[in-house]
Amino acid sequence: MNSNILAPALQIRKSDCECDLEAVTALMRELNYPTTINVMRERIQASENNPKLCTMVAELDGQVVGMIALNQVKSYAKSETATQVSALIVSQNHRGQGIGKRLIRNAEEWSQNQGSQILFLTSGNRVERAPAHAFYEHIGFEKIGYQFVRKLK
């Protein structure tokens with residue numbers, strides 16, 4: 001028997017607030033991002049209503065196991081239009097299966113269709129983020145600088 005027939009089907013699609021809200025909220029919490037269902041509802045709905053934003057989910061046999069959030073930005077300093085990956089999460093139980101790579105490929109496609117020439121992301125420098133950093137470099141991202149943050153009053 002062909003083993004591909006039994007292989008789980010992975011689908012990357014735009015998120016749907018009604019269907020994906022709880023799963024996306026759970027993924028955000030899995031990486032210790034403090035959030036609530038109501039906050040995530042607002043974020044997903046904003047993504048659905050703004051052509052410069054996109055949230056996609058990875059669905060494996062009907063279960064959301066990953067997500068990526070994108071934000072197209074125009075740099076004042078450079079002429080290139082860029083897309084920022086503002087969130088990329090694959091469920092702990094599904095890492096190492098190529099799901100993150102597929103999410104990034106779909107992000108690249110969406111970004112290019114929007115006219116972006118660059119895809120970028122920022123990540124915290126906590127020790128527990130080291131595997132994510134290795135993943136980013138493995139799939140072709142370059143570490144080129146620092147992120148400086150200042151909280152506003």
Side-chain angles (χ1 to χ4, degrees), residues 7-35 37 39-126 128-149:
L10 179 68
Q11 177 186 6
I12 309 293
R13 61 171 174 78
K14 280 193 158 189
S15 69
D16 177 289
C17 190
E18 295 305 314
C19 297
D20 303 325
L21 180 59
E22 289 184 21
V24 170
T25 303
L27 285 168
M28 294 291 287
R29 289 177 178 163
E30 190 172 318
L31 285 189
N32 296 319
Y33 293 124
T35 194
I37 291 281
V39 167
M40 290 311 302
R41 179 179 291 112
E42 289 175 13
R43 290 179 187 169
I44 294 172
Q45 286 174 340
S47 176
E48 292 174 344
N49 296 319
N50 184 334
K52 303 276 187 206
L53 302 175
C54 180
T55 303
M56 290 183 260
V57 294
E59 190 176 75
L60 190 61
D61 284 346
Q63 178 188 2
V64 173
V65 297
M67 62 87 61
I68 191 165
L70 306 170
N71 179 23
Q72 187 182 44
V73 296
K74 181 74 172 154
S75 171
Y76 194 76
K78 297 179 180 180
S79 62
E80 297 141 328
T81 300
T83 296
Q84 177 183 16
V85 176
S86 56
L88 173 61
I89 306 168
V90 174
S91 173
Q92 179 73 36
N93 296 336
H94 294 89
R95 292 182 190 153
Q97 299 175 22
I99 296 169
K101 288 180 191 176
R102 288 271 308 273
L103 284 164
I104 289 292
R105 274 200 307 256
N106 280 263
E108 289 171 343
E109 184 178 312
W110 181 87
S111 301
Q112 289 172 328
N113 289 339
Q114 297 294 91
S116 290
Q117 293 85 31
I118 295 171
L119 183 66
F120 74 98
L121 57 86
T122 59
S123 181
N125 60 359
R126 299 181 318 269
E128 62 268 19
R129 299 297 297 147
H133 299 166
F135 168 73
Y136 301 143
E137 290 180 344
H138 175 74
I139 62 171
F141 283 87
E142 294 178 62
K143 183 177 170 184
I144 62 168
Y146 297 94
Q147 177 185 29
F148 295 92
V149 176

Minimal non-hydrogen separation, [X] against [Y], with atom names:
| X | Y | answer |
| --- | --- | --- |
| His133 | Ser123 | NE2-OG, 2.9 Å |
| Leu119 | Ser111 | CD1-OG, 3.7 Å |
| Gly66 | Leu103 | C-CD1, 4.1 Å |
| Leu27 | Met67 | CD1-CG, 3.8 Å |

How long is the straight-line distance from [atom2] of [Y] back to [atom1] of [X], given to the nearest 0.5 Å?
| X | Y | atom1 | atom2 | result |
| --- | --- | --- | --- | --- |
| Leu70 | Asn106 | CG | CG | 9.5 Å |
| Ile12 | Ile99 | CD1 | CD1 | 7.5 Å |
| Glu108 | Gln112 | CD | CD | 6.5 Å |
| Ile44 | Ser15 | CD1 | OG | 5.0 Å |
| Phe141 | Ile104 | CZ | CD1 | 4.0 Å |
| Phe135 | Leu88 | CZ | CG | 6.0 Å |

Greater than 12 external heavy atoms within 6.0 Å of Glu18's CD
no
What do you reckon, is CD of Gln114 surrounded by more than 12 foreign heavy atoms closer than 6.0 Å?
yes
Measuring only between side-chain heavy atoms, which start at C-beta, is [X] closer than 4.5 Å to [Y]?
| X | Y | answer |
| --- | --- | --- |
| Thr25 | Arg41 | no |
| Leu31 | Arg129 | yes |
| Ile144 | Phe120 | no |
| Met40 | Tyr33 | no |
| Tyr136 | Lys143 | no |

Has the side chain of Gln117 got a donor or acceptor atom that lies under 3.5 Å from a matching backbone atom of Gly115?
yes
Option passing side chain to side chain contact (heavy atoms under 4.5 Å, CB included) with Leu21 (candidates Asp16, Ile37, Val64):
Ile37
Flag the pair Arg13 and Glu59 as a salt bridge only when some basic side-chain nitrogen lies within less than 4.0 angstrom of an acidic carboxylate oxygen.
yes
For residues 88-103, pull every pair meeting salt bridge (charged side-chain N to carboxylate O under 4.0 Å, His left out), keeping only residues two or more places apart or in separate chains.
Glu30-Arg95
Thr35: partners by side-chain hydrogen bond (donor to acceptor under 3.5 Å, both in side chains), with sequence neighbours left out:
none
Anything under 3.5 Å between a donor and an acceptor, one on a side chain of residues 48-57, the other on a protein residue two or more places apart or in another chain? List them.
residue: Glu48; atom: OE2; partner: Cys17; partner atom: N; Å: 2.8
residue: Asn49; atom: ND2; partner: Gln45; partner atom: O; Å: 3.0
residue: Asn50; atom: OD1; partner: Lys52; partner atom: N; Å: 2.8
residue: Lys52; atom: NZ; partner: Gln72; partner atom: OE1; Å: 3.3
residue: Thr55; atom: OG1; partner: Ser47; partner atom: OG; Å: 3.1

